[in-house]
Amino acid sequence: MKNRDIAKLFFEIADILDMQGVAWKPNAYRAAARALETCSNPIEELYDRGGLNALKELPRIGEHLARKIEEYLKTGRIKEYDTLIKKIPAGAHDMLHVPGLGPQKVMRLYKELHIKGISELEKAARAGKLQKLAGFGPKSEQDILRGLTLHKTAGERKLLGLALPIAREITERLLRLPSVTHAEPAGSLRRMKETVGDIDILVISKKPEQVMNYFTTMPEVQNVLSKGPTKSTVILKDGLQADVRVLPSPSFGAALQYFTGSKEHNIQLRNLAIKKGYKLNEYGLNRKEKYVCGKTEQDIYKKLGLTWIPPELREATHEIESARTRKLPCLIELRDMHGDLHMHSTFTDGVHTIEAMARASQQRGYSYIAMTDHSKSVRIAHGMDEKKLGQYLKEIDKIQKKFDIRILKGAEVDILPDGSLDFDNNTLKKLDIVLAAIHSRFKSTKQEMTQRILKALDNPHVNVLVHPTGRLINQREPYQVDIEKVMTRAKERGIALEIDSYPTRLDLKDAHVHMANELGCALTIDTDSHAVDHLRYMELGVATARRGWTTPQTVINTWKLPKLEKFLLR
DNA sequence: GCCGTTTTCGGCCCGACTGTTTTCAGTCG
């Protein structure tokens, strides 16, 4: 999939054009780049099928950018980029990523002080050369030095599963301040994006200074980037950036809408407001300075002729059009989940016993679970051979007698390099549910991997393909596979595709979930728990399902047990 | 460079914070 590569080039072109002071074009390149990133189909396939015209169908891609995409697909380069990159110093792009430095300042540093990269920048700042530049001063020099250390430590976006508890904890403490009536996380966190760049918290209070004083002096704050009456930004000790915005109560809905984003969604919404003769900002929807609403998000969407759009859908794909025509799906919710079909115990690499997992699951209100420990090939996880599997099934029978919750007998069975399964059919027959999984040879070619998985899906006992792309967020790329072929085959064979809720996996990811829904595939949302406290990750999987426009009907573990059992019998 | 129930030309989301200004440019989200 080349979408991301081209998007990256477009983003870079935008940055360079910004540095040259070119107006508007950068916005166009960035909008197109974002469109490419959210497009779930590989751009090369789109082009193969429909040529230039198919590219131009995409939002924000017109004649010129379509031709640039074509050029990249044919030659692997974009000439425009090659020309532009020569006009700026090699390290300029790195400098742009230093907090506090933007295109204008980077260009002035280059032109007036001949600073071409990060290391020269640091030297010049330490030597006190920056503050002599017109428009710069001692403070901005200090800011840049601080930005440089930040730049070194910051790194990648943080996992949703990590940021969410931190944001909730801070939000709860803010809520305990006497002047605070509302506090809620917003931003990509509220949209439940798989990774987040920072934590945004919206606060309603009549005493903003009290909120800001508390927020900027919390024990976990490492340094304060800015502090004002309505907006403050801090860096937390674990490297996460946190923003707080304080507004008065009548603006709560407008502010929540605004700070939830996405940026592109907001732009589309504001354009719609303009068309209808309004102006939309974080204080509310207004016509000629007179505010017509802002207290709730619902009011704002309604006034613009839309149904309320769940935050997970606000990614500027087609949610606004769907909301206008009343065609938004009724999304799955956490409370729809009746069970969890993927978890491990002390029999392989889990840390809790079958009994402990069953008890914790029952406490969560589930009516069934599946115990699915590893098969023998996964040595590192102490996978079970046939003999140990026998003991495992007996143990499940024994534990079952103690619980009302139904414990399905399952296994996470390895798909071997030749596409056969790690247990033979006579063994598989003994199981209520068979999960098939890839745990080896991640570097196979796309064709090899696709054939391997398709063959496994032809086994009559397989019920679910788990973590179908094998990625680990920020750690391991997905293996190469023709996911559309896999989905089509799974649908034909009555096999469900998993949304693995484990924070580093979230696999299928949102765009693939959307694709699976378009193709009409059955899904399951599981936690892949290796301990009882992993069971709570279910909300991350449900959020990913929501981001992929999923309704409860197609998710097999929202079903009552008899219907699920019928599905598992195929 | 994109886009059009105002337009094929002339718009392009909008406001907060900071630092160095003395009315604003740059950056950020």
Side-chain angles (χ1 to χ4, degrees), chain A residues 10 13-15 17-19 21-35 55-69 80 95-109 130-144 146-147 150 186-189 191 196-202 208 212 216 224-234 241-247 251 254-255 257-286 305 316 324:
Chain A
F10 280 5
I13 291 176
D15 287 338
L17 291 171
D18 256 339
M19 283 189 252
V22 177
W24 305 117
K25 261 200 210 186
N27 288 349
Y29 273 95
R30 289 198 183 95
R34 278 190 290 268
L55 298 180
K56 283 195 274 183
E57 299 269 303
L58 289 169
R60 320 304 299 185
I61 309 269
E63 179 71 29
H64 285 84
L65 292 185
R67 288 205 181 277
K68 293 214 162 61
I69 295 172
E80 168 102 9
M95 287 201 278
L96 269 184
H97 289 136
V98 176
L101 279 188
Q104 311 290 330
K105 284 188 175 174
V106 167
M107 227 36 199
R108 288 199 45 213
L109 288 169
L130 302 189
Q131 54 177 300
K132 296 187 181 121
L133 224 56
F136 287 71
K139 276 241 168 145
S140 26
E141 192 168 77
Q142 284 309 305
D143 272 357
I144 287 172
R146 215 166 45 184
L150 218 66
S188 51
L189 201 81
R191 302 200 311 279
V196 299
D198 61 6
I199 292 174
D200 296 301
I201 300 174
L202 174 66
M212 293 317 188
T216 52
V224 179
L225 291 188
S226 69
K227 183 185 174 189
T230 71
K231 179 183 174 180
S232 296
T233 300
V234 302
Q241 178 175 318
D243 293 352
V244 156
R245 293 291 307 247
V246 183
L247 286 105
S251 297
Q257 194 290 314
Y258 172 63
F259 294 117
T260 298
S262 64
K263 191 186 174 89
E264 198 69 15
H265 173 89
N266 284 358
I267 290 173
Q268 289 186 7
L269 203 65
R270 287 179 178 204
N271 279 325
L272 181 63
I274 291 168
K275 261 182 221 156
K276 292 186 180 283
Y278 296 104
K279 203 166 93 171
L280 180 61
N281 58 27
E282 58 261 57
Y283 298 103
L285 191 64
N286 66 80
R324 194 180 64 78

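Chain identifiers are assigned alphabetically (A, B, ...) following the order of the sequence lines, protein sequences preceding nucleic acid strands; residue numbering begins at 1 within each chain.
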Separation of B:dC12 atom C1' from A:Lys275 atom NZ, nearest Å, is 12 Å

Without swapping roles, check the side chain of A:Ser251 against the backbone of A:Ala254 for a donor-acceptor pair under 3.5 Å. no

Only pairs with both distances under 3.5 Å count, Watson-Crick or wobble alike; so what is the partner of B:dT8 in this structure? none

Select from A:Glu141 and A:Gly102 the residue whose nearest nucleotide in DNA chain B is closer to the 5' end of that strand. A:Glu141

Sugar-phosphate only, base, or nothing, as touched by A:Lys139 at under 4.0 Å among non-hydrogen atoms: sugar-phosphate

Could you work out which one of B:dT27, B:dC3, B:dG29 sits closest to the side chain of A:Arg60? B:dC3

Of all the nucleotides listed (B:dG19, B:dC14, B:dG26), which has the minimum atom distance to the side chain of A:Asp143? B:dG19

Rounded off to whole Å, could you give me the CG-to-P distance for the A:Leu225 and B:dC17 pair? 14 Å

Expressed in angstrom and rounded to an integer, what is the separation of A:Gln142 atom CD from B:dT20 atom C1'? 16 Å

Please state the C1' separation for the pair B:dT23 and B:dC17 - nearest whole angstrom. 16 Å

So, A:Arg324 side chain and A:Gly305 main chain: donor-acceptor pair closer than 3.5 Å or not? no

Could you tell me whether A:Leu269 contacts a base, only the sugar-phosphate backbone, or nothing, with contacts defined as non-hydrogen atoms closer than 4.0 Å? nothing

Compare side-chain N and O positions of A:Asn266 against OP1 and OP2 of B:dC13 and report whether any pair is under 4.0 Å apart. no

Without swapping roles, check the side chain of A:Glu141 against the backbone of A:Gln131 for a donor-acceptor pair under 3.5 Å. yes

Rounded P spacing from B:dC3 to B:dC13 in Å: 13 Å

Give a yes/no answer on whether the side chain of A:Lys279 brings an N or O atom under 4.0 Å of OP1 or OP2 in B:dG15. yes

Measuring from the side chain of A:His64 (C-beta onward, heavy atoms only), which nucleotide among B:dC2, B:dG29, B:dA16 has the closest atom? B:dC2

To the nearest Å, give me how far apart CZ (A:Arg108) and P (B:dG19) are. 17 Å

Geometric cation-pi criterion A:Lys105 and A:Phe136, 6.0 Å radius, 45° cone: yes

Hey, does A:Phe259 reach any base, or is it just sugar-phosphate, or nothing, if we go heavy atoms under 4.0 Å? nothing

Touch check for A:Lys56, heavy atoms < 4.0 angstrom, all strands: base, sugar-phosphate only, or nothing? nothing

Students often get this wrong, so: under 4.0 angstrom with heavy atoms, is A:Pro59 touching a base, only sugar-phosphate, or nothing? sugar-phosphate

Distance, nearest 0.5 Å, that separates CZ of A:Arg108 from CG of A:Leu133: 4.5 Å

Using heavy atoms to find the nearest nucleotide of DNA chain B for A:Lys276 and A:Ala28 separately, return the residue whose nucleotide is more 5′. A:Ala28

Which whole number of Å gives the distance between the P atom of B:dG10 and that of B:dT21? 38 Å

For atom CG of A:Leu133 and atom C1' of B:dT21, their distance in whole Å: 16 Å

Between A:Ser140 and B:dT18, does any side-chain N or O lie under 4.0 Å from OP1 or OP2? no

For B:dG29, take OP1 and OP2 only and decide whether either is under 4.0 Å from a side-chain N or O of A:Gln241. yes

A:Thr230 side chain: which of B:dC17, B:dG19, B:dT27 is closest? B:dC17

Roughly how far apart, to the nearest Å, are B:dT6 and B:dC12 at atom C1'? 15 Å

With respect to the phosphate group of B:dA16, does any side-chain polar atom (N or O) of A:Tyr283 fall under 4.0 Å of OP1 or OP2? yes

Roughly how far, to the nearest 0.5 Å, is CG of A:Leu96 from CG of A:Leu101? 8.0 Å

Write down the distance between CD (A:Gln268) and P (B:dG4), rounded to a whole number of angstrom. 11 Å

Among B:dG29, B:dC12, B:dG26, which is the nearest nucleotide to the side chain of A:Trp24? B:dC12

When rounded to whole Å, the CG to C1' distance for the pair A:Asn271 and B:dT5 reads 15 Å

With a non-hydrogen cut-off below 4.0 angstrom, is A:Asn281 in contact with a base, only sugar-phosphate, or nothing? sugar-phosphate

Quote, to the nearest angstrom, the C1' distance that separates B:dC14 from B:dT8. 27 Å

Establish, with yes or no, whether the OP1 or OP2 oxygen of B:dC28 is under 4.0 angstrom from a side-chain nitrogen or oxygen of A:Ser226. no

Gap in Å between the two P atoms, one belonging to B:dG15 and one to B:dT20, rounded: 26 Å

Would you say B:dC14 has OP1 or OP2 under 4.0 Å from some side-chain N or O of A:Lys263? no

Between B:dC2 atom P and A:Glu57 atom CD, what is the distance in whole Å? 15 Å

Examine B:dA16: is either OP1 or OP2 under 4.0 Å from a nitrogen or oxygen in the side chain of A:Lys231? Give yes or no. no

Donor-acceptor pair, A:Asp200 side chain versus A:Ala186 backbone, under 3.5 Å? no

Report yes or no: is the ring centroid of A:Phe136 under 5.5 Å from the six-membered base ring centroid of B:dT20, with the two planes under 30 degrees? no

Hey, what do you get for CE (A:Met95) to CD1 (A:Ile144), rounding to the nearest 0.5 Å? 10.0 Å

